[in-house]
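Presented below is the structure to which this report refers.
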Amino acid sequence: MHTPTSISLTVAAIKAISPCVTDAARTLGCRDGAAASHLKLISLVVIFISSIAGISSPIFLARYFQGKPVYDKAILVIKCFAAGVILSTSLVHVLPEAFAALSDCHVASRHPWKDFPFAGLVTLLGALLALFVDLTASSHVEHGQSKPSGEYFPVVTQEGTTGKKVGKDLPNEELVKLKQKLVSQVLEIGIIFHSVVIGATMGMSQNQCTIRPLVAALAFHQVFEGMGLGGCIAQAEFKTGTVAYMCFMFSTTTPMGIVLGMVVFAVTGYGDSSPNALIMEGLLGSMSSGILIYMAMVDLIALDFFHNKLMASQTWLKKASFIALALGSTSMFILALWA
């Protein structure tokens, strides 16, 4: 005979597993491996082309304006648009997806994932990691450029010719360029983490109802995110070979992630709803979100709006940069309606 206590426990258990049962019933009709594989192959080409278009457009635009009076202003506005894209990507796309993955009923019912908000913790660790890399690299660059060379050169003075020890100090503009290059490289690392997670998640999915809208949404996502990274690369003024390499890495990372996800599913059978896959997605997404939030707020927005002499001297440029920042943010959070 069932006691009231046992009945209440049974009801609680049913309520606990009902979300998983409901989700499984909803996706059962959409699971078609052949159709999903066909959509993934199409997505490889579409996402690769859109990634190239996104990251190369700010670079070519900067080359067009180079040497003209409006060059510095155009680069600044492009970079502010980029900052909005990256900040919105991290807060509206990456972080909620990481929380959702670690809060999924297949994961949240297990220890230790149900006992602590690991998505927030790993996001914090990602931001601190980005800060550590930033501090370490910046101090190394500044120390390396200010280290004395130990060489003596003749210096003509009123008292005659004397020997003077000359260091390897660079002008402030050169240090700024080195800092911009560092920011672009660390930013690309964070974006690559994010792109691998997106691609692998799609590659492991067998749900054609999920993949179909993702193809179009991710194409636009790569365009805007590529514009964000491309704006930073353009301002850093890398050599042509380095620019080509960074563009290639960004354009191929998501397609490689999709292929990786397809291989993982073929070898292990882990789908996008597998607990292990969800845990990996949540942890990597949280880490990349922390990196992107730090880079957007500290190295892009704060650096330009509070420490840029050109923006401080011209009020209209500050307003235009803020509008560009808002437009960049808007372009990405609108895409959250579909992906």
Side-chain angles (χ1 to χ4, degrees), residues 36 39-41 43-52 54-55 85-86 89-102 104 107 118-119 122-123 125-127 129-130 133 184-206 210-211 214-215 217-226 228-230 232-233 245-268 270-296 332 335 339:
L39 288 171
K40 284 181 242 182
L41 293 176
S43 72
L44 292 176
V45 179
V46 173
I47 292 175
F48 178 72
I49 294 174
S50 61
S51 299
I52 291 178
I55 195 170
V85 169
I86 293 164
T89 297
S90 59
L91 291 174
V92 181
H93 291 260
V94 187
L95 188 57
E97 290 171 2
F99 269 99
L102 295 180
D104 188 272
V107 176
F118 282 95
V122 178
T123 300
L125 294 178
L129 176 63
V133 172
S184 301
Q185 290 166 342
V186 176
L187 182 61
E188 180 155 26
I189 291 172
I191 290 176
I192 283 175
F193 273 137
H194 168 49
S195 299
V196 169
V197 172
I198 290 178
T201 302
M202 178 188 281
M204 288 187 291
S205 177
Q206 301 301 303
T210 302
I211 297 174
L214 270 180
V215 175
L218 283 181
F220 284 104
H221 179 277
Q222 291 299 104
V223 168
F224 289 122
E225 194 170 59
L229 180 59
C232 298
I233 293 174
Y245 174 75
M246 295 180 75
C247 292
F248 174 78
M249 287 300 297
F250 171 77
S251 302
T252 57
T253 301
T254 302
M256 285 192 297
I258 295 173
V259 173
L260 176 64
M262 295 172 71
V263 171
V264 169
F265 178 79
V267 173
T268 65
Y270 288 163
D272 55 338
S273 60
S274 165
N276 292 332
L278 288 169
I279 290 170
M280 186 61 65
E281 176 188 348
L283 294 179
L284 288 177
S286 300
M287 179 67 70
S288 61
S289 176
I291 294 173
L292 294 178
I293 290 172
Y294 171 85
M295 299 302 297
M332 289 307 297
L335 285 180

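Here, residue 1 is the first one in the sequence, and each next residue gets the next number.
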Q. Do you know the tightest heavy-atom contact between Val107 and Leu278?
A. CG2-CB, 3.7 Å
Q. Do Ser195 and Glu225 touch side chain to side chain, with heavy atoms closer than 4.5 Å?
A. yes
(Q) Just so I know, are the side chains of Ser50 and Phe220 near enough to count as touching, which here means a heavy-atom distance under 4.5 Å? (A) no
Q.
Measuring from atom CG of Leu44 to atom NZ of Lys40, what distance do you get when rounded to the nearest 0.5 angstrom?
A. 10.0 Å
Q) Mind checking whether Val92 and Met332 have side chains closer than 4.5 Å, heavy atoms only? A) no
Q) For Phe118, which residues count as a ring pair (Phe, Tyr, Trp, His ring centres under 6.0 Å) partner, sequence neighbours excluded? A) Trp113, Phe116
**Q.** Within-4.5 Å side-chain heavy-atom neighbours: Ile258 and Ile47
**A.** yes
(Q) Which heavy atom of Pro96 sits nearest to which heavy atom of Ser90, and what is that distance? (A) CD-O, 4.4 Å
Q. In Å and rounded to the nearest 0.5 Å, what is the CD1 to OG1 distance from Ile291 to Thr123?
A. 10.0 Å
Q. How far does OG of Ser288 sit from NE2 of His93, to the nearest 0.5 angstrom?
A. 12.5 Å
Q: Decide yes or no for Leu218 and Val46: does some side-chain heavy atom of the first lie under 4.5 Å from some side-chain heavy atom of the second?
A: no
Q | Where Ser289 and Leu95 come nearest, the two heavy atoms and their spacing | A | OG-CB, 3.4 Å
Q. Which heavy atom of Ser251 sits nearest a heavy atom of Ser51, and at what distance?
A. CA-CB, 3.6 Å
Q) Atom CG in Leu292, atom CG in Leu91: separation rounded to 0.5 Å? A) 9.5 Å
Q. Can you find a pair of side-chain heavy atoms, one from Thr89 and one from Ile86, that are under 4.5 Å apart?
A. no
Q: Work out which heavy atom in Thr253 is nearest to a heavy atom in Ile192; give both atom names and the distance.
A: CG2-O, 3.6 Å
Q.
I need the Glu188 CD to Cys247 SG distance, nearest 0.5 Å.
A. 8.0 Å
Q: Answer whether the closest heavy-atom distance between the side chains of Gln222 and Thr254 falls below 4.5 Å.
A: yes
Q) What's the spacing between Met249 CE and Ile191 CD1 if we round to 0.5 Å? A) 12.5 Å
(Q) Please enumerate all residues that pass side-chain contact (heavy atoms from CB on, under 4.5 Å) together with Met256, with sequence neighbours excluded. (A) Thr252
Q: For Ser43 and Met202, work out which heavy atoms get closest and say how close.
A: OG-SD, 3.7 Å
